[in-house]
Amino acid sequence: MTNSNGNSSRNSSTSSAPTPTRLVVFGATGRVGRAVVAAARARGIEVTAVGRADGEVTSAADVARLAAGHDAAVVSVYDAQAVPGEFFPAVARAMAAGLPQAGVRRLVSVGLASVLPTADGTPLMDTPGYPQEWREFYVGHGAGTEALRAAAPGALDWAVLSPAGDFDHDGTHDSTHDSTRTATPTATPAYAYAPADAGGRITPAAFAEAVLDEATAPTLHAVHAGVAPAAAA
């Protein structure tokens with residue numbers, strides 16, 4: 001197991017945890033959500049893609065309704081019209097309350113690198129030269145993780161994953177580490193857990209691989225971890 005300051009690759013084939021076969025993805029129409037849904041379906045995982053029209057992610061009742069019958073959940077949501085410091089904690093509290101009601105035991109939330117510690121422990125957003133014009137958004141994301149930490153009951157095993165730096169939307173995912181592997185993968189992962197690094201980039205497909213591995217065979221618990229390409233870690 002690693003944490004947000006770790007720097008080791010994940011060998012998912014060593015996990016003894018049972019693999020969930022039913023996954024619900026909140027925010028399935030966004031870039032990350034689409035990548036997770038596509039990778040899950042390619043692995044043969046039964047997945048329900050949830051978009052804005054299906055319900056409110058800030059409503060525990062809607063979360064419970066949409067998550068019923070699933071084993072694990074992924075949440076990757078954003079609302080440009082909402083106050084970040086209110087929206088992300090509200091989502092976290094809705095997940096913490098609604099998922100256990102639905103019998104869902106595992107949650108992987110997609111976070112933000114800005115609040116992730118760098119190698120020396122300094123949050124990325126506090127490092128010299130880091131853009132500050134979106135600080136309200138950074139802080140709101142961090143508040144969401146803290147709200148999840150405070151509200152999640154023991155019945156909900158959760159982790160927050162984010163790129164260690166940012167997404168590479170133009171990069172090509174290495175086919176030798178393809179996320180279209182089986183639900184219990186044995187291939188070498190295309191990613192590793194790493195501290196925050198402003199210059200780091202990972203493709204959505206490689207990041208989706210990490211999200212799915214943590215959703216189906218958890219190794220991280222109640223932490224925020226950064227994800228980097230395996231070769232860069």
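Residue numbers count from 1 along this sequence.
Take Tyr138 and apply the side-chain hydrogen bond (donor to acceptor under 3.5 Å, both in side chains) test, not counting sequence neighbours, and it matches no residue.
The backbone N or O of Asp71 sits nowhere less than 3.5 Å from a side-chain atom of Arg22 that would complete a donor-acceptor pair. Thr127 places a side-chain N or O within 3.5 Å of a backbone atom of Leu124 that can act as its donor or acceptor partner. Remark: side-chain polar atoms of Thr216 are paired, donor with acceptor, to backbone N or O of Leu212 under 3.5 angstrom. No side-chain donor-acceptor contact under 3.5 Å links Asp62 to the backbone of Ser59. At least one donor-acceptor pair under 3.5 Å links the side chain of His70 to the backbone N or O of Ala68. When atom types are taken as modelled, the side chain of Thr203 and the backbone of Ala206 share a donor-acceptor pair closer than 3.5 angstrom. The backbone N or O of Leu220 sits less than 3.5 Å from a side-chain atom of Glu214, completing a donor-acceptor pair. Put simply, the side chain of Glu46 never gets that close to the backbone of Gly44: no donor and acceptor are under 3.5 Å apart.
Both Val57 and Leu148 are members of a single hydrophobic cluster when ILVMFWY side chains are connected at heavy-atom separations under 4.5 Å. Under a hydrophobic-cluster definition in which Ile, Leu, Val, Met, Phe, Trp and Tyr are linked whenever side-chain heavy atoms come within less than 4.5 Å, directly or via other members, Val36 and Phe26 are assigned to different clusters. Hydrophobic clustering, with ILVMFWY side chains joined whenever heavy atoms are under 4.5 angstrom apart, groups Leu66 together with Val63.
Counting all heavy atoms, side chain and backbone alike, Ala35 lies closest to Pro204 at CB-O, 3.8 Å. The two residues Ala230 and Pro189 have their closest heavy-atom pair at CB-O, 3.8 Å. Looking at every heavy atom in both residues, Ala119 comes nearest to Pro195 through N-CB, 3.7 Å.
Counted within 6.0 Å of CZ on Arg65, heavy atoms from surrounding residues, nucleotides or ligands total more than 12; the atom is thus considered enclosed. More than 12 heavy atoms of other residues, nucleotides or ligands lie within 6.0 Å of CZ in Arg149, so this atom counts as buried by the packing criterion.
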Exercise. Could you please spell out the steps behind the side-chain contact (heavy atoms from CB on, under 4.5 Å) verdict for Arg43 and Glu209?
Key: CA-CA 10 Å; Arg43 288 193 189 188; Glu209 181 179 315; 3.6 Å; yes
Quiz item: After noting the C-alpha distance and the side-chain angles of Arg135 and Asp126, does the key distance pass the side-chain contact (heavy atoms from CB on, under 4.5 Å) rule?
Solution: CA-CA 10 Å; Arg135 190 175 181 91; Asp126 293 334; 2.8 Å; yes
Practice problem: Test Leu23 against Val74 for side-chain contact (heavy atoms from CB on, under 4.5 Å), laying out the working first. | Solution: CA-CA 8 Å; Leu23 178 71; Val74 172; 4.0 Å; yes
Self-check item: Stepwise side-chain contact (heavy atoms from CB on, under 4.5 Å) test for Val75 and Val110
Solution: CA-CA 6 Å; Val75 58; Val110 177; over 6 Å; no
Could you list the donor-acceptor pairs under 3.5 angstrom formed between side-chain atoms of residues 151-163 and any protein atom two or more places apart in sequence or on another chain?
| residue | atom | partner | partner atom | Å |
| --- | --- | --- | --- | --- |
| Asp157 | OD1 | Arg106 | NH1 | 3.2 |
| Asp157 | OD1 | His221 | ND1 | 2.8 |
| Asp157 | OD2 | Arg106 | NH1 | 3.2 |
| Asp157 | OD2 | His221 | ND1 | 3.0 |
| Ser162 | OG | His224 | NE2 | 2.9 |

All N/O donor-acceptor pairs, side-chain side in residues 76-103, below 3.5 Å, sequence neighbours left out:
| residue | atom | partner | partner atom | Å |
| --- | --- | --- | --- | --- |
| Asp79 | OD1 | Gln81 | N | 2.9 |
| Gln101 | NE2 | Ala97 | O | 3.3 |

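Atom CZ of Arg201 is separated from atom CG of Asp168 by 8.0 Å, given to the nearest 0.5 angstrom.
The six-membered or imidazole ring of Phe167 lies near that of Phe207, with a centre-to-centre distance under 6.0 Å.
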